[in-house]
Amino acid sequence: GSPACASCGLPAMEKDAEQKMMIEIAKQHLLEKLHLKERPNITQTVPKVALLTALRKLHSGRVRQDGTLELENSLPTKDQGYEIVSFADISDSDSGDKASLSLTFQFLQERGKSIQVLQSSLWIYAKLSEDPHRSSRLLARVFLSADEETSDSNRTLVIEKMIEVKESNWHTFPITHTLQTFLDGGQRRLRLEVSCEEGERNLCSFNGSLTKANQPFMVAQVRLRDNHSKHLIRKR
Amino acid sequence: SLRCGDEVTVCCKRDFYIKFKDIQWDEWIIAPEGYHMNYCMGQCPQHLAGSPGIASSFHATVFNQLKVNGINTATASCCIPTERRPLSMVYFNSQHSIVKTDVPDMIVESCGCT
């Protein structure tokens, strides 16, 4: 172990005791820096393949041969920033006469902390159109659903855009403003509905037949907003 | 900057690495695989004050002025980090979202005397 600490008065410790103490200090240090009260308990595991797909989309990491992740530093910013990937709770819902993909995201904001959304996008995997006579482009729409009901009257169109359906592929839908408005409202459940209607089919619906790698998710780049500085400004 | 050996006398950096798998934290920390919580330890006798590398700090300047003027200071110089770098982390938060962040000043690269 180490000799007694001349400046801080810690007594000499056995090597094991010192190792244990250092590990506890490291744990507390990491949790404090990540603004976590305790280590998260992961009860449901996200399929690794979906995880790596999402992280690859984050453009913030290279996947090594052995499947582990090599991280790259983001651009240094004054405030600590976060990039978040959130996998939705998924269900297919009937809105009116067409089925649409219903995604629910859960958020937990610490009281007194507000979040600034720098950018956010929804990643949806659209399947290949099976009808060769159809146009290769399709109108995809994302709605914000006010609450559990999915009747048309409670939905607000967030974004619509034409997507290519000649092959199955990923498509992104920018929802920065939607997410910012949602977080500013202090709500906890964000419910989005995605419809890519081709006749009776929704090419964006996610069901068991697709591999877990194509699970829809949201990516957000956020920063903790410092309300205190706003007050300072007012004083000036 | 010196790297501590088994016998620590003068200010140096002690390497300390924790593998998340060893403490079952790899369940929620996706990357990296561990944390270099290096730290500084050892003595800073007066003739080492301000070495290496942080003479530009306010404290070192004051100490040096006092020394030059032969005023015997009662305070000792301290062994502190002189270089640090961020730690990039990807982890699950309590909502099972995946978060990536760069935590500034998490890894001590070198140590010196104030």
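Lettering of chains follows the sequences in order, A, B, ..., and the numbering in each one begins at 1.
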- Task: Inspect the surroundings of NE2 in H29(A) and state if more than 12 heavy atoms from other residues, nucleotides or ligands are less than 6.0 Å away.
- Result: yes

To the nearest 0.5 Å, atom NE2 of H96(B) lies from atom CG of D89(A) at 10.5 Å

In this structure, CD1 of I25(A) is separated from CE of M37(B) (nearest 0.5 Å) by 5.5 Å

Answer key: most heavy-atom pairs under 4.5 Å with chain B among M22(A), Q106(A), K33(A) is M22(A)

Answer key: most heavy-atom pairs under 4.5 Å with chain B among M218(A), Q19(A), K27(A) is K27(A)

Rounded to the nearest 0.5 Å, the OH atom of Y91(B) sits from the CG atom of L30(A) at a distance of 10.5 Å

Separation between CD (E24(A)) and CD1 (I23(B)), nearest 0.5 Å, reads 8.5 Å

Turns out that what part of Y17(B) lies under 4.5 Å from chain A's heavy atoms comes down to neither

Checklist entry - Is the closest side-chain heavy-atom distance between W28(B) and R39(A) below 4.5 Å? => result yes

Here the gap from N93(B) atom CG to H35(A) atom NE2, rounded to the nearest 0.5 Å, amounts to 13.0 Å

- Item | K21(B), NZ atom: more than 12 neighbouring heavy atoms under 6.0 Å | no

Value for CZ (F16(B)) from CD1 (I23(A)), rounded to nearest 0.5 Å, stands at 5.5 Å

